[in-house]
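Everything numeric here is computed off the predicted structure, so don't read it as measured data. Residue indices begin at 1 and follow the sequence shown.
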Amino acid sequence: MTTPLTLTTTTDRQGRPVVKAVGEIDLSNTEAFAAALAGTTGPVVIDLTEVHYIDSAGMSVLFTHAERTELISSPLLRPILEMSGLTSMATVRRAEE
């Protein structure tokens, strides 16, 4: 069964692509998540503020793009991003920053 995930790509004020994910990111939908990120060039912002769950497959996608990524995280995901070491590889900020 596929886990619901909605992905929307827009552009921020600096012209960077912003991929907003809503729902859960897991093995059942990481292909779509990876494709959305692969469809961008240069620095990319990934908005995870409405992601309620991410598994290791989803984290793997984030690690693949970490060097060019700014993550916007919810308080729910922040500990996962920190424990995985992703915060030392990518810029991570809270939604309100």
Side-chain angles (χ1 to χ4, degrees):
M1 181 172 178
T2 302
T3 304
L5 175 67
T6 303
L7 298 165
T8 308
T9 303
T10 58
T11 306
D12 69 7
R13 293 180 189 172
Q14 296 154 342
R16 299 176 300 178
V18 178
V19 176
K20 181 172 180 70
V22 177
E24 298 183 358
I25 303 171
D26 63 21
L27 185 59
S28 72
N29 55 35
T30 52
E31 273 189 43
F33 185 45
L37 296 178
T40 65
T41 58
V44 61
V45 177
I46 305 172
D47 185 344
L48 300 173
T49 55
E50 294 186 51
V51 171
H52 311 292
Y53 174 82
I54 187 167
D55 71 3
S56 60
M59 291 298 293
S60 176
V61 173
L62 292 178
F63 273 98
T64 299
H65 298 277
E67 291 180 7
R68 65 183 192 104
T69 297
E70 177 179 330
L71 296 169
I72 304 172
S73 151
S74 67
L76 178 69
L77 292 184
R78 185 67 184 219
I80 296 165
L81 300 175
E82 288 175 354
M83 286 188 306
S84 71
L86 193 58
T87 55
S88 67
M89 299 174 68
T91 301
V92 180
R93 65 180 171 92
R94 291 183 177 95
E96 62 275 359
E97 294 177 356

Please name the pair of heavy atoms, one in [X] and one in [Y], separated by the smallest distance, quoted to 0.1 Å.
X	Y	answer
Leu76	Val51	CD2-O, 4.2 Å
Ala90	Thr69	CB-O, 3.7 Å
Leu7	Ala36	CD1-CB, 4.1 Å

Measure the [atom1]-[atom2] distance between [X] and [Y] for me, rounded to the nearest 0.5 Å.
X	Y	atom1	atom2	answer
Met59	Thr64	CE	OG1	11.0 Å
Ser60	Ile54	OG	CD1	10.0 Å
Arg94	Thr49	CZ	OG1	13.5 Å
Glu24	Thr6	CD	OG1	11.5 Å
Leu48	Ile25	CG	CD1	5.5 Å
Ile72	Thr91	CD1	OG1	11.0 Å

Partners of [X] by salt bridge (Lys or Arg N to Asp or Glu O under 4.0 Å), sequence neighbours excluded?
X	result
Glu31	none
Glu50	Lys20
Arg68	none

*asked:* When you measure from the side chain of Ser84 to the backbone of Ile80, do you find a donor-acceptor pair of N or O atoms at a distance under 3.5 Å?
replied: yes
message = Check whether Asp47 reaches the backbone of Val18 with its side chain - one donor and one acceptor, N or O, closer than 3.5 Å.
response = no
Please check if Val22 and Leu77 belong to a single hydrophobic cluster, counting links between Ile, Leu, Val, Met, Phe, Trp and Tyr side chain heavy atoms closer than 4.5 Å.
no
